[in-house]
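Everything below concerns the one structure shown next.
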Number of protein chains: 2
Amino acid sequence: MDTKIICLAVLSQGDATGYEIKGAFEEGPFSYFQDVSFGSIYPALTRALEDELVSVTNFPQAGRPGKKVYAITSKGRGALLDAFAKETPGDKVTCDFLFKALYSQLLGPTSTQTMIDRRVADLGANIDRLENCDHGTEEMGPREAFVSGFGLAIYRAMRAYILENGDKLVAADRKLDHAVSAAAAD
Amino acid sequence: MDTKIICLAVLSQGDATGYEIKGAFEEGPFSYFQDVSFGSIYPALTRALEDELVSVTNFPQAGRPGKKVYAITSKGRGALLDAFAKETPGDKVTCDFLFKALYSQLLGPTSTQTMIDRRVADLGANIDRLENCDHGTEEMGPREAFVSGFGLAIYRAMRAYILENGDKLVAADRKLDHAVSAAAAD
DNA sequence: TACCCATATATCGGCTCGATATATGCTCGG
DNA sequence: CCGAGCATATATCGAGCCGATATATGGGTA
């Protein structure tokens, strides 16, 4: 999703600084599907300001760099609604693990097994985080619960699949290893 | 995954042109988790050539632009192995649908329902494609089967979750709608 | 015949990420 | 009691990526 739209969406629920916009996604249950870097946010806010989609108020602070609190304008609200009305591109599971799996013969059976174990552990950590988040501190609305539950369901499905089929990947690499050894013995 | 590494990985299984490297991912069962654009491939191949990770052979063709067939070098093989040995960043489910779901009050119940229906249909199409691919034409090795099966499992989990919980999202938007109407009536 | 598609390479603008710079107060461990 | 590191807060830069566009032409289809 376009950084400009992310900013507008956050601002539609209340004024915020660039720092706070990043904070809305970098931790909490939503970091699994969306994150934004400062290198995107600040230029995006500047562009949005030029297009009059947002307005700024400066709050100089002693010592620290002054806060710049952004607010969405009615033009910005229109742009946000337009973007939401447009059709969304399909989902994408971006995952280096899958790419490596496709070429696991480069790793060999031992490293492949290590990679699988690491991925399962990683997914477990993510699942724990989302589960605890669920019972967590502040009240979670139905939308937040839906998105967080979605992540939980996907992560569980990933782990289950890897746990069930990972050995086939290792077996393929082991078979190739034997074939190479046999050829070398000739 | 770095485009340079994608190119090297494809070339490790045989010489290819830039056009063929793109073809390896843009269709077939692997497009769901990885794709590369020409705008990335050609510059990446040029850089790899400068770093002596690949070599080229030119095949001028009558009429058409000449094919440039790339081959991986031993230095390139080393770089590929290094990249595979490094730890991978965790998976990411990039999905505009989830972002919109988080802010579905901007859409209202009707549009939210439409969005959900469209997403379910879309996922169904993807599932069909992966299922048919599975029984498909050419022989699929265990690695290809693993990756393709992974996609199938994830898409099914997504669809199941949305089918089961989508109504909660719509209900939240409907409730808000009523509240707004009541406030307007005051 | 006209049009679009497949083959094939290449570049450009705009955008994104990750790293880095700047500036300061607060907290925690040694 | 002092320094390290972290939280707050903005901003910029280089490298790389995506999508669109340009170029060139043979083959198939309406």
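Please read these numbers as outputs of a predicted model, since none were measured by experiment. Just so we're on the same page: letters track the sequence lines, and every chain starts at 1.
- The rotation axes computed at either terminus of the helix from dT1(C)-dA30(D) to dG30(C)-dC1(D) lie 40° apart, taking five pairs at each end and rounding to 10 degrees.
- Applying the ring-ring contact (aromatic ring centres under 6.0 Å, His included) criterion to Phe146(B), with sequence neighbours excluded, gives Tyr161(A).
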Solution key, residues 37-48 of chain B side-chain donor-acceptor pairs under 3.5 Å, sequence neighbours excluded:
residue: Ser37(B); atom: OG; partner: Ser40(B); partner atom: OG; Å: 3.3
residue: Thr46(B); atom: OG1; partner: Tyr42(B); partner atom: O; Å: 2.9

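- Checked against salt bridge (Lys or Arg N to Asp or Glu O under 4.0 Å), Asp2(A) has no partners two or more places apart in sequence or in another chain.
- Residues satisfying the side-chain hydrogen bond (donor to acceptor under 3.5 Å, both in side chains) criterion with Asn165(A), sequence neighbours excluded, are Lys168(A).
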Can you list, pair by pair, the side-chain donor-acceptor contacts under 3.5 Å of residues 74-83 of chain A, counting residues two or more places apart and other chains?
residue: Lys75(A); atom: NZ; partner: Asp51(A); partner atom: O; Å: 3.1

task = For nucleotides 14-21 of chain C, just jot down a letter per nucleotide in 5' to 3' order: B, S or -, based on protein non-hydrogen atoms under 4.0 Å.
result = -SSBB---
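- For Glu26(B), the salt bridge (Lys or Arg N to Asp or Glu O under 4.0 Å) partners at least two apart in sequence or on another chain are Lys22(B).
- For Asp15(A), there are no side-chain hydrogen bond (donor to acceptor under 3.5 Å, both in side chains) partners at least two apart in sequence or on another chain.
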Quick one: side chains of residues 100-108 of chain B, donor-acceptor pairs under 3.5 Å with protein atoms, not counting sequence neighbours, listed by atom name and distance.
residue: Lys100(B); atom: NZ; partner: Phe84(A); partner atom: O; Å: 3.0
residue: Lys100(B); atom: NZ; partner: Lys86(A); partner atom: O; Å: 2.7
residue: Ser104(B); atom: OG; partner: Arg143(A); partner atom: NH1; Å: 3.1
residue: Ser104(B); atom: OG; partner: Ala101(B); partner atom: O; Å: 3.4
residue: Ser104(B); atom: OG; partner: Asp173(B); partner atom: OD1; Å: 3.0
residue: Ser104(B); atom: OG; partner: Asp173(B); partner atom: OD2; Å: 3.0
residue: Gln105(B); atom: OE1; partner: Arg143(A); partner atom: NE; Å: 3.3

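- With sequence neighbours left out, Phe33(A) forms a ring-ring contact (aromatic ring centres under 6.0 Å, His included) with no residue at all.
- Heavy-atom distances under 4.0 Å link DNA chain D to Thr17(A), Gly18(A), Tyr19(A) of residues 17-24 of chain A, given in residue order.
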